[in-house]
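None of these values were measured; they are calculated from a predicted model.
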Amino acid sequence: MTLLITGSSGHLGQAIVTLLRRAGRPAVGIDTRPADTTNIVGSITNPDTVAQAMSGITGVIHTATLHKPHVATHNRQDFVDTNITGTLNLLTAAKNANVAAFVFTSTTSAFGRSLTPGPDDPAAWITEAVTDRPKNIYGAIKSGAEALCDLAAHRDRLPVVILRCARFFPEPDDSADARAAFSDANLKANEFLHRRLDLEDAAQAHIDALAAAPRLCFGRFILSAPTPFRPEDAAALRNDPASVVEARVPGTAALWSLLGWTLPADVSRVYDSSAAVETLGWHPRYDFAAISAQAARGDAIGSQLARDVGTLGYHDEGFANLSDGAPYPTET
């Protein structure tokens, strides 16, 4: 089974190709930028390039995208061209090539305003049933591309799985306030409680989804590290998350104190990835307990694969308004 991986020079694409190569599985990478994991340097916005790349392919993992950090540097048509037209080109070529399975990388940003409760409301418990309320062009366009995938699955009988990924990037946070309040390792470790995913686990989930697609025909799943929280914790997470963490993961307070770290003062959303675990046969290795154990040993947190891929950034240029080196032109 030869697989086509789009966005193969990016964080996720590189990780997926690396895992496939380790398993001895043939994969072809396509990206607009060269990399060791990329065989074809070209754009998915070109239907001829896509059709040629699809020759001999039996499965597609489509990670190529403009991301949220591009909102301030690219216009809305750019997002349509890459994330809508590019996805449509791939779905069309996959159908014509009788591809057995198609996995589309989406984002929890599609939930948009549904992720932000009112100041007196409990934390938003985010499952696949939550309504999309996009707050920027990135979320809106990703939601639209998902609709094309849904159409391809139900009208063209192309087995498709959509994966809405939580954050897995190694770059500094896009919030200046968050960067000022926490060290980078502290902030990322906290996020494994409710809104972060290790890159290796994200890559493995895509491979698992590809295997599950023919059985499911269509599916949409949230990917995030399994949370120790429960829905009944939602109210307390807004005003006293530290007590909830200590109840669910005893010993965290002492460890965080030893490390000089702090827990968040407010947890406003929790991503529930239980459906992906149960349905895809996905077994994420890096949950909050695993991350805490790494921190207790003095190890770098997360997978070696994530460190090997490293920081890639999203833009070729720097931005004068950011003095702390974050790779974003603005908060989005």
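- In terms of heavy-atom proximity, Leu163 sits nearest to Val103 at CD1-CG1, 3.9 Å.
- More than 12 non-hydrogen atoms from other residues, nucleotides or ligands lie less than 6.0 angstrom from CZ of Arg215.
- Counted by atom type alone, Gln52 and Asp48 present zero donor-acceptor pairs between their side chains at under 3.5 Å.
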Quiz prompt | Verdict with reasoning, Glu246 to Thr252, per side chain to side chain donor-acceptor pair (under 3.5 Å) | solution = CA-CA 6 Å; Glu246 194 60 23; Thr252 298; 4.8 Å; no
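- The environment of CG in Asp36 is sparse: at most 12 heavy-atom neighbours from other residues, nucleotides or ligands sit within 6.0 Å.
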Quiz prompt | Working for salt bridge (Lys or Arg N to Asp or Glu O under 4.0 Å), residues Arg248 and Asp233 | solution = CA-CA 10 Å; Arg248 300 300 184 197; Asp233 298 329; 2.9 Å; yes
Practice problem: Carefully, step by step, assess Ser268 and Thr116 under the rule side chain to side chain contact (heavy atoms under 4.5 Å, CB included). | Solution: CA-CA 7 Å; Ser268 61; Thr116 307; 6.0 Å; no
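- Using a 4.5 Å cut-off between side-chain heavy atoms of Ile, Leu, Val, Met, Phe, Trp and Tyr, with links allowed through other members, Phe221 and Phe111 fall into different hydrophobic clusters.
- Put simply, the side chain of Arg238 does not reach to within 4.5 Å of the side chain of Val267, judged on heavy atoms.
- Side chains of Asp240 and Ser243: a donor on one and an acceptor on the other come within 3.5 Å.
- A cation-pi arrangement, defined by a distance under 6.0 Å to the six-membered ring centre and an angle within 45 degrees of its axis, is present between Arg196 and Phe169.
- Of the possible polar contacts, one joining the Ser303 side chain to the Ala306 backbone as a donor-acceptor pair under 3.5 Å is found.
- Residues Tyr138 and Asn83 approach most closely at CD1-ND2, 4.4 Å, considering heavy atoms.
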Exercise. Step by step, work out the side chain to side chain contact (heavy atoms under 4.5 Å, CB included) result for Ile30 and Leu4.
Key: CA-CA 7 Å; Ile30 181 172; Leu4 178 66; 3.9 Å; yes
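- For the atom pair CG (Asn190) and CZ (Arg195), the distance works out to 11.0 Å, reported to the nearest 0.5 Å.
- The backbone N or O of Leu88 sits less than 3.5 Å from a side-chain atom of Thr92, completing a donor-acceptor pair.
- Between Asp173 and Arg167, at least one side-chain nitrogen of the basic residue sits less than 4.0 Å from a carboxylate oxygen of the acidic one, meeting the salt-bridge criterion.
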Self-check item: Audit row: Val99, Met54, side chain to side chain contact (heavy atoms under 4.5 Å, CB included) steps and yes/no
Solution: CA-CA 9 Å; Val99 163; Met54 201 68 69; 3.9 Å; yes
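- Between the side chain of Asp132 and the main chain of Pro134, no donor-acceptor pair closer than 3.5 Å is present.
- A side-chain donor-acceptor contact under 3.5 Å links Thr38 and Ser8.
- Note that the CG atom of Leu193 and the OG atom of Ser292 stand 7.5 Å from one another [nearest 0.5 Å].
- The pair Glu128-Arg164 fails the salt-bridge criterion, with no side-chain N (NZ, NE, NH1 or NH2) lying under 4.0 Å from an Asp/Glu carboxylate O.
- Follow the hydrophobic side-chain contacts under 4.5 Å out from Ile44 and you reach Ile57 in the same cluster.
- Smallest separation of non-hydrogen atoms from Pro117 and Ala124: CG-N, 4.2 Å.
- Residues Pro241 and Leu263 are not in side-chain contact: their nearest non-hydrogen atoms beyond the backbone lie 4.5 Å or more apart.
- Two residues are said to be in side-chain contact when any heavy atoms from C-beta on lie closer than 4.5 Å; Thr105 and Ile162 fail this criterion.
- In this structure, the side chains of Leu210 and Ile61 come closer than 4.5 Å at one or more pairs of heavy atoms.
- Asp201 has its side chain within reach of Trp282: a pair of non-hydrogen atoms, C-beta onward, lies under 4.5 Å apart.
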Quiz item: Leu305 and Thr18: side chain to side chain contact (heavy atoms under 4.5 Å, CB included), yes or no, with the steps?
Solution: CA-CA 9 Å; Leu305 179 57; Thr18 298; 3.8 Å; yes
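- Tyr286 and Leu19 are assigned to two separate hydrophobic clusters, defined by single-linkage of ILVMFWY side chains at heavy-atom distances under 4.5 Å.
- If you check the side chains of Gln14 and Thr37, you find no donor sitting under 3.5 Å from an acceptor.
- Taking every heavy atom of both residues into account, Pro226 and Val277 meet most closely at CG-CG2, 4.4 Å.
- The number of heavy atoms from other shown groups lying within 6.0 Å of CZ (Arg155) does not exceed 12.
- Only one option out of Val161, Leu280, Leu223 pairs with His206 in a side chain to side chain contact (heavy atoms under 4.5 Å, CB included); it is Leu223.
- Not one N or O on the side chain of Thr107 forms a donor-acceptor pair closer than 3.5 Å with the backbone of Ala110.
- Minimum interatomic distance between Ala211 and Pro214 (heavy atoms only, all atoms of both residues): O-CD, 3.5 Å.
- The structure places CZ of Arg179 at 10.0 Å from CG of Asp184, a figure rounded to the nearest 0.5 Å.
- The aromatic rings of Trp256 and Trp261 sit perpendicular to each other, their planes meeting at more than 60°, with 30° as the lower class boundary.
- A donor-acceptor distance shorter than 3.5 angstrom exists from the side chain of Gln294 to the backbone of Gly302, with no hydrogens or angles considered.
- Between the side chains of Asp272 and Ser274, at least one donor-acceptor pair of N or O atoms lies under 3.5 Å.
- If you check the side chains of Tyr271 and Thr108, you find a donor sitting under 3.5 Å from an acceptor.
- Distance alone, capped at 3.5 Å, is enough to place a donor-acceptor pair between the Thr279 side chain and the Ala275 backbone.
- Rounded to the nearest 0.5 angstrom, Leu148 CG and Asn89 CG are separated by 10.5 Å.
- With salt bridges taken as basic N to acidic carboxylate O contacts below 4.0 Å, one links Lys95 and Asp156.
- Between the CD1 atom in Ile222 and the OG atom in Ser224 there is a gap of 8.5 Å [rounded to 0.5 Å].
- Both Phe104 and Ile137 are part of a single hydrophobic cluster, where members link through side-chain heavy atoms under 4.5 Å apart.
- Separation of atoms CD (Gln304) and CG (Leu199) is listed at 12.0 Å; rounding is to 0.5 Å.
- In Arg307, the CZ atom is crowded: over 12 heavy atoms of neighbouring residues, nucleotides or ligands sit closer than 6.0 Å.
- Inter-residue side-chain proximity for His11 and Pro170 is flagged as met; some heavy-atom pair is nearer than 4.5 Å.
- Counted by atom type alone, Thr6 and Thr63 present zero donor-acceptor pairs between their side chains at under 3.5 Å.
- Leu197 is not connected to Phe192 by any chain of hydrophobic side-chain contacts under 4.5 Å among Ile, Leu, Val, Met, Phe, Trp and Tyr, and they are in different clusters.
- Side-chain atoms of Pro159 and Phe102, non-hydrogen and from C-beta on, never get closer than 4.5 Å to each other.
- The closest donor-acceptor contact from the side chain of Asn96 to the backbone of Ala93 lies at 3.5 Å or more, if one exists at all.
- Here the closest non-hydrogen pair linking Trp125 and Phe229 is CH2-O, 3.3 Å.
- Residues Leu20 and Ile5 have side chains in contact (heavy-atom distance under 4.5 Å, counting atoms from C-beta outward).
- Ring pair Phe218/His154: centre-to-centre distance below 6.0 Å.
- When atom types are taken as modelled, the side chain of His194 and the backbone of Thr227 share no donor-acceptor pair closer than 3.5 angstrom.
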